[in-house]
Amino acid sequence: MQSLSPLVDLKSLFRTAPPPPGLGLTHHRVGPGRYLIQCVSRFDAANVNANSSSSAAQTSGSNLGSGHVGRARHEWQSACAILASKVVSQQQDTEKSGGADGVSAVNGHPTLDLVPVKGQSNSPTPLPKPLSIADLSPAPMHGSHLRVAYQGVPGAYSEAAAGKAYPNCEAIPCDQFEVAFQAVELWIADRAVLPVENSLGGSIHRNYDLLLRHRLHIVGEVQLPVHHCLLALPGVRKEYLTRVISHPQALSQCEHTLTKMGLNVAREAVDDTAGAAEYIATNNLRDTAAIASARAAELYGLQILADGIQDDSGNVTRFVMLAREPIIPRTDRPFKTSIVFAHDKGTSVLFKVLSAFAFRNISLTKIESRPHRNRPIRLVDDANVGTAKHFEYMFYVDFEASMAEVRAQNALAEVQEFTSFLRVLGSYPMDMTPWAPSTAGD
């Protein structure tokens, strides 16, 4: 297709001879950088006589490439359509093309528009707007208009972590951790905020296993102080309680406090803290209390029987932010990198791997081992003592360095020499926000 500017003479593109009497080709400028090609037919007596005297051989032998145009109306319309396809606009109209509405006849004869002009009543339905670079740009990092998946129901600590990580985001509750992973992978959500460890309860192993199973990337972390409350229906007294329900982590984090309160109650685990509060409110359970946040009490109409019942005021849960694409590591602020690796010869190479970081003065903030699901047991045959069975593990390591730093790149290059499997889960900014211990009444 040939492109032309508004100053190009259209006649230079027309390789055909002048049309026969009675048919004509006109072009009009209908706006800046835009042309309208029209086919004009005249049905007067002279033209009819002239057309009738033409031989069939001349009509059938005419073609566009030889410089002759056929006299038949449909052939001339086809020629016009071919010529019109060569006229391409380089810029869009900056004003509505209303002038073309008046071009309805030439010299008193009807015209046939071959190129629809924007603004005409008979113009076709506008085509979809093409995607622009703005449509393909990443979601804003400040959290506005982001869809963030979390595990639990409204009022859960994960919802609070999502709000801290991405203010003004649209929080999407998920009933399971794996559903939150899938929500991001299927473009239902833009991010996921999931817990990986607690200062009192330790690691959340389920999410470490899911990090390896799915292909999402860690793009950030957020640390949230946990402030537990004992919730029950309005009017219920602690003496009437027979059981306390909550997430297993919350139950373990409040175990000593519940004992000191003299509560002789059964402790029952549920999926999440806010879900426990919702369950009590929905079923009107007057003999059951929940361990959850003060926000959960507000959302589900429960009263707070005891405030700040966690065993330790330094109760903090670390969450990671997950996305489909990694972020570009930087060196202008503290970064953390998370990796997972394994080796065919078991844990004997662990010392060598740790030495690669120690030699370069890279601090490790966490090391976690999980069973190697694809190869849980390694058998070693010895003719003297028999067959030894060794457990195989995957190792998760967090270290304080950015992948943009040469020392981190050299460390991983050395680690790769000792391992059979190595994967970088993410290199992301550390959460450096000030923290204060949780106290009653927060």
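When reading the values below, keep in mind they use all heavy atoms of this one structure, side chains included, and skip hydrogens, waters and symmetry mates. Since this is a predicted model, take the numbers as computed values, not measurements. Residue numbers count from 1 along this sequence.
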Any residue meeting ring-ring contact (aromatic ring centres under 6.0 Å, His included) with Phe177, in chain and number order, not counting sequence neighbours: none
Results of side chain to side chain contact (heavy atoms under 4.5 Å, CB included) for Gln416 - residues two or more places apart only: Leu422
Euclidean distance, His217 NE2 relative to Leu211 CG, rounded to 0.5 Å: 11.5 Å
Arg206 side chain to Val196 backbone, donor-acceptor under 3.5 Å: no
Main-chain N/O of Gly314 paired to Ser199 side chain as donor or acceptor, under 3.5 Å: yes
Under 3.5 Å: donor-acceptor pair, side chain of Thr337, backbone of Ala401: yes
Side chain to side chain donor-acceptor pair (under 3.5 Å), paired with Ser203, selected from Glu197, Glu368, Arg370: Glu368
Candidate pair His227 and Asp307, rule side chain to side chain contact (heavy atoms under 4.5 Å, CB included), full reasoning: CA-CA 8 Å; His227 186 81; Asp307 194 11; 2.7 Å; yes
Side chain to side chain, Val244 and Leu230, heavy atoms closer than 4.5 Å: yes
Gln303 (side chain) donor-acceptor with Val236 (main chain) under 3.5 angstrom: yes
Pair His228 and Tyr157, ring centroids less than 6.0 Å apart: yes
Beyond-backbone contact of Ser427 with Pro326, side-chain heavy atoms, under 4.5 angstrom: no
Interatomic distance, Leu233 atom CG to Asn284 atom CG [nearest 0.5 angstrom]: 5.5 Å
Asp190 (side chain) donor-acceptor with Ala323 (main chain) under 3.5 angstrom: no
Flag, side chain of Ser402 to backbone of Arg330, donor-acceptor distance under 3.5 Å: yes
Donor-acceptor pair, side chain of Asp311 and main chain of His256, under 3.5 angstrom: yes
Main-chain N/O of Leu364 paired with Asp398 side-chain donor or acceptor, under 3.5 Å: no
Flag, side chain of Arg423 to backbone of Leu212, donor-acceptor distance under 3.5 Å: yes
Exam field: side chain Glu278 to backbone Ala274, donor-acceptor pair closer than 3.5 Å: no
Asn315 side chain to Gln253 side chain, donor-acceptor N/O pair below 3.5 angstrom: yes
Under 3.5 Å, which donor-acceptor pairs link side chains of residues 179-187 to any protein atom two or more places apart or in another chain?
{"residue": "Glu185", "atom": "OE1", "partner": "His214", "partner atom": "ND1", "Å": "3.1"}
{"residue": "Glu185", "atom": "OE2", "partner": "His214", "partner atom": "ND1", "Å": "3.0"}

